[in-house]
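Note sheet for the following structure.
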Amino acid sequence: MNRAKITLEQIADIENCKRAILNASKKKRRRKSVAWYVEHLDEAAERLQEFLLDPDAEFHDGERGITYEGTKGKKRELDKPQFFPDHCAHWAVMQIVGEVLMKSYYEYSCASIKGRGTHYAKRAVERMLKDEKGTKYCLQVDVKSYYASIDKEKLVEMLERKIKDKRIIAILAKIIYAFKGAGLPIGFYTSAPLANFYLTPNDRYVKETLHITHSVRYMDDMVMYCGNKRELHEDRKKMAEFLNVKLGLRLKYNWQVYKMPYLKDKKERPKRSREHRATDFVGFKFFRYKTTIRKTIFLRLLRNIRSLQKGHYTPKNCQAFMSYNGYLKHTDSENVRRNHINGKINLSKIKEIIRNESRKYYTGGKLAAAV
């Protein structure tokens, strides 16, 4: 295997350090503890460079917090690293290492990858569903407690096979082992790229050994399509065994195999049946003839619209509406727009409020020039 020949000097380059500090400080520049490093960028970059080149430098565990994620408000424990030097060093490392890891990602591996968000996954699923015979059945699975289940030792071994410079491996190992809990912490900037990289062997196994060509992975959530239901059940068992033996991971018990709507005439509207249903994935529901937003997101959108109609044009409400509006623009939701939005919501006012809120993060011409 050809290993990447990136060096520690590239990571510790003064320009890379400056860029890391500016990127790490985004949306945090109003904090006094962060503003100093931005205002004294040259001095901070030199200190970060020294930290990265010091073989005895130590990273610290994150500060534990709680966050509620997604439309269902899923509770997650979040670990926040201290801003300097840890968080800035994470950025400096991943600005170089991330490009190397990117080359090993599966084509339809999404989440926390530039240009591969929910809409990238959406377009991939829609393209796959055009092959009606090859996508007759769908398998949906995800990994149980994925971040916490990642084997740190195996992850470091995988990185050693990918990167040649042992000094970079040493820094990555320090970051990985700095977190005292199991697996990788949710909250470290390094965690998402490394978590994506950890599942690349499974991506290759699915594509090259199981020969499943219609599959999309959004971090640890996976959808796979096949024309044969029995084969799909067998593939699930084989993949579960591979994940357990090779990566020390387990699939959740709530995996699903179901039949997709099969339409020769796409203008037909099938009656509801227990035999087939849409794929609920990355916030969308995928039918063969249309794509809609997930029901829970739609209900939250309606509550948001009612609040705006009552005149509650707060920054939080406005930002939430624009986020939901993005879902509508990329789905077959003309009826929703016509019945609930057009002529009933002041879009100009919403955009003006968001612009004014965004200006609060602007700290002056000196920072703009530095960026």
Any side-chain heavy atom of [X] sitting closer than 4.5 Å to one from [Y]?
| X | Y | result |
| --- | --- | --- |
| Asn202 | Lys246 | no |
| Met128 | Val223 | no |
| Lys154 | Leu247 | no |
| His40 | Arg47 | no |

Relative to the ring of His87, is the ring of Tyr189 parallel (under 30°), tilted (30 to 60°) or perpendicular (over 60°)?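 Rings of Tyr189 and His87: perpendicular, over 60°.
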Using atom types as modelled and distance alone, determine if a side-chain donor or acceptor of [X] lies under 3.5 Å from a backbone N or O of [Y].
| X | Y | result |
| --- | --- | --- |
| Asp220 | Asp142 | no |
| Asp332 | Lys290 | no |
| Asn16 | Ala12 | no |
| Thr190 | His90 | no |
| Lys152 | Phe179 | yes |
| Gln10 | Thr7 | yes |
| His340 | Val336 | no |
| Lys144 | Tyr253 | no |

*asked:* Determine whether the aromatic ring centres of residues Tyr198 and Tyr147 are separated by less than 6.0 angstrom.
replied: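 No - the distance between ring centres of Tyr147 and Tyr198 does not fall below the 6.0 Å cut-off.
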(Q) Can you confirm whether or not the ring centre of Tyr327 sits under 6.0 Å from the ring centre of Phe284? (A)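 Centroid separation for Tyr327 and Phe284: below 6.0 Å.
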Practice task
Before giving the answer on ring-ring contact (aromatic ring centres under 6.0 Å, His included), spell out for Phe59 and Phe51 the whole-Å C-alpha distance, their side-chain angles and the decisive distance to 0.1 Å.
Solution key: CA-CA 10 Å; Phe59 288 84; Phe51 177 80; 5.1 Å; yes
Got more than 12 heavy atoms from elsewhere within 6.0 Å of CD, Glu241?
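Not buried by this count: 12 neighbours or fewer within 6.0 Å.
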**Prompt:** Do you see a donor-acceptor pair shorter than 3.5 Å between the side chains of Glu231 and Tyr137?
**Reply:**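 Their side chains do not contain a donor-acceptor pair, so the 3.5 Å distance test is not met.
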Practice prompt. Determine, using the 4.5 Å side-chain heavy-atom cutoff (strictly less than), whether Ile14 and Ile6 are members of one ILVMFWY cluster.
Written response: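 The answer is no; the residues belong to distinct hydrophobic clusters.
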